[in-house]
Protein chains: 2
Amino acid sequence: MKNNATRDKLIDSGAQLISQQGYNATGINAVLKTCGVPKGSFYHYFSSKEDFGLAVIERFAIRYDETLIALLEDSDTPPLERLRRYFAAGREYMHECDHATGCLIGNLGQELSGQSDTFRDALNLVFQRWEQRFVHCLNDAQAQGDIAIRTTPEALASFILTGWEGAILRAKTLKSVEPMVHFETILFQQVLVPSP
Amino acid sequence: MKNNATRDKLIDSGAQLISQQGYNATGINAVLKTCGVPKGSFYHYFSSKEDFGLAVIERFAIRYDETLIALLEDSDTPPLERLRRYFAAGREYMHECDHATGCLIGNLGQELSGQSDTFRDALNLVFQRWEQRFVHCLNDAQAQGDIAIRTTPEALASFILTGWEGAILRAKTLKSVEPMVHFETILFQQVLVPSP
DNA sequence: AAAACAATAGACTGACTGGTCTACTTTAAG
DNA sequence: CTTAAAGTAGACCAGTCAGTCTATTGTTTT
């Protein structure tokens with residue numbers, strides 16, 4: 001009943017189109033066309049467009065969490081260096097997509113939070129999971145004496161995630177990673193520093 | 001030919017609906033309905049939905065710039081206090097709209113930057129004008145010895161704007177101003193500080 | 001082999017989209 | 001008073017939307 005190549009193809013095509021155009025601007029027919037699946041199959045696997053959208057979010061979150069673990073919980077690398085690699089990966093991806101795509105979760109958060117509570121809850125959960133990864137990494141950094149956390153690890157993680165998401169948004173409208181670089185520079189220069 | 005109450009009503013209703021639902025999710029008929037204007041008038045004043053959207057952006061940018069000037073260029077108030085008032089106003093507005101609306105320019109930047117270069121350029125211009133207001137205020141702060149700018153005023157302004165926009169986005173999905181508070185706290189505690 | 005079910009296939013529906021069209025009313029100029 | 005233009009009014013259009021429907025094909029289970 002579950003896992004199927006057709007279902008996967010639908011989700012992958014959907015993720016790509018939604019990343020590029022947003023949720024509302026992406027029609028089901030467009031998804032079907034790009035992966036050559038008939039409409040009957042779509043409504044066999046998903047009960048509605050919303051159901052489909054939630055599946056796209058879930059799949060993306062799982063995949064993304066894997067790379068997040070690989071980058072931020074790599075105990076062979078100093079915690080701050082892990083963060084730098086995370087930012088570098090984000091910048092690289094921004095180049096790859098020609099500054100057009102950005103972060104799927106951020107995009108949908110902006111577009112759908114005010115539209116549907118179901119979507120908002122799902123996206124909020126993903127953000128919270130990401131913040132936890134940051135918290136973990138920040139605690140490591142403090143334990144090793146690399147930084148002094150002057151608020152709470154949670155507040156600092158929130159600061160980093162929101163700043164990064166904002167930088168991605170700005171990078172899209174500017175078509176340049178410059179805002180991402182500025183964020184990273186000031187973050188490491190003034191926020192992620194040892195106690196004075 | 002120009003200025004008209006009908007045109008204004010259309011733009012105001014459009015701004016409200018687009019703020020709440022986004023651009024793609026807001027139909028022209030919905031705008032007409034909420035302000036009781038017939039379609040003939042709409043296409044008398046605007047050549048297309050895109051033309052209308054650009055007018056909404058322009059109007060919003062002008063209005064918002066006025067409050068930005070009032071807050072950030074008030075020379076009777078210390079520069080950092082001006083910034084604090086700006087953030088407080090943003091938080092207050094977020095409460096008023098029940099964490100649903102956020103920033104119109106940020107929303108559209110996320111939704112339309114990858115979709116239309118015309119929109120992207122218009123939104124980018126608005127962001128750049130805002131950054132200039134921050135630059136001005138930051139220079140004042142440095143001149144008065146309140147802060148030490150360790151990068152450039154432009155980079156710091158970019159950092160503040162992107163961080164704030166990201167915090168607004170996160171506040172929407174979380175339905176709480178907490179991320180905005182965290183951003184402000186850490187910003188004033190570790191970034192906007194005098195030279196050591 | 002037969003029955004049951006999963007999956008594929010796409011024509012079709014009503015509602016709605018942005019946009020056009022013609023007709024009418026108001027305003028301003030000559 | 002006449003005439004031209006600005007603005008109002010809404011029926012209408014082709015296209016698209018998410019979603020439904022019936023029919024058919026594959027694959028198990030019995």
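The chains referred to below are lettered A, B, ... by the order of the sequence lines, with proteins before strands, and numbering in each begins at 1. It should be emphasised that the depicted structure is a prediction, and the values quoted were computed from it without experimental measurement.
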In plain terms, say whether Glu184(B) and Arg84(B) are close enough for a salt bridge, that is, a side-chain N and a carboxylate O under 4.0 Å apart.
-> yes
Salt bridge check: are Arg120(B) and Asp117(B) linked by an N-O gap of less than 4.0 Å?
-> yes
Which of these, Asp74(A), Asp140(A), Asp146(A), sits in a salt bridge (Lys or Arg N to Asp or Glu O under 4.0 Å) with Arg82(A)?
->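 When salt bridge (Lys or Arg N to Asp or Glu O under 4.0 Å) is applied between Arg82(A) and each of Asp74(A), Asp140(A), Asp146(A), only Asp140(A) qualifies.
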Between the side chain of Asp98(B) and the main-chain N/O of Ala100(B), is any donor-acceptor distance below 3.5 Å?
-> no
Starting from [atom2] on [N], measure out to [atom1] on [X] and report it in whole angstrom.
X        : N       : atom1 : atom2 : answer
Tyr43(A) : dA11(C) : OH    : P     : 17 Å
Ile28(B) : dG10(D) : CD1   : P     : 17 Å
Phe42(B) : dC21(C) : CZ    : C1'   : 17 Å
Asn29(A) : dC17(D) : CG    : P     : 6 Å
Gln21(B) : dT17(C) : CD    : P     : 10 Å
Phe46(B) : dT20(C) : CZ    : C1'   : 18 Å
Glu50(B) : dT17(C) : CD    : P     : 19 Å
Asn4(A)  : dG26(D) : CG    : P     : 15 Å

Gln128(A) atom CD, over 12 foreign heavy atoms within 6.0 Å |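 Enclosed: over 12 neighbouring heavy atoms sit under 6.0 Å from CD of Gln128(A).
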Considering only side-chain heavy atoms of His44(B), which listed nucleotide, dA6(D), dG19(C), dG19(D), is closest?
-> dA6(D)
Among dG19(C), dT8(C), dA9(D), find the nucleotide with the atom closest to the side chain of Pro38(A).
->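 Closest nucleotide to the Pro38(A) side chain: dT8(C).
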Between Lys39(A) and Thr6(B), which is nearer to the 5' end of DNA chain D once each is assigned its nearest nucleotide?
-> Thr6(B)
Which part of the nucleic acid does Gly27(B) contact within heavy-atom distance under 4.0 Å: base, sugar-phosphate only, or nothing?
->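 Here Gly27(B) touches the backbone only, sparing every base.
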Sugar-phosphate, base or nothing in reach of Thr26(B), heavy atoms under 4.0 Å = sugar-phosphate
Is any side-chain nitrogen or oxygen of Tyr45(B) closer than 4.0 Å to OP1 or OP2 of dT8(D)?
-> yes
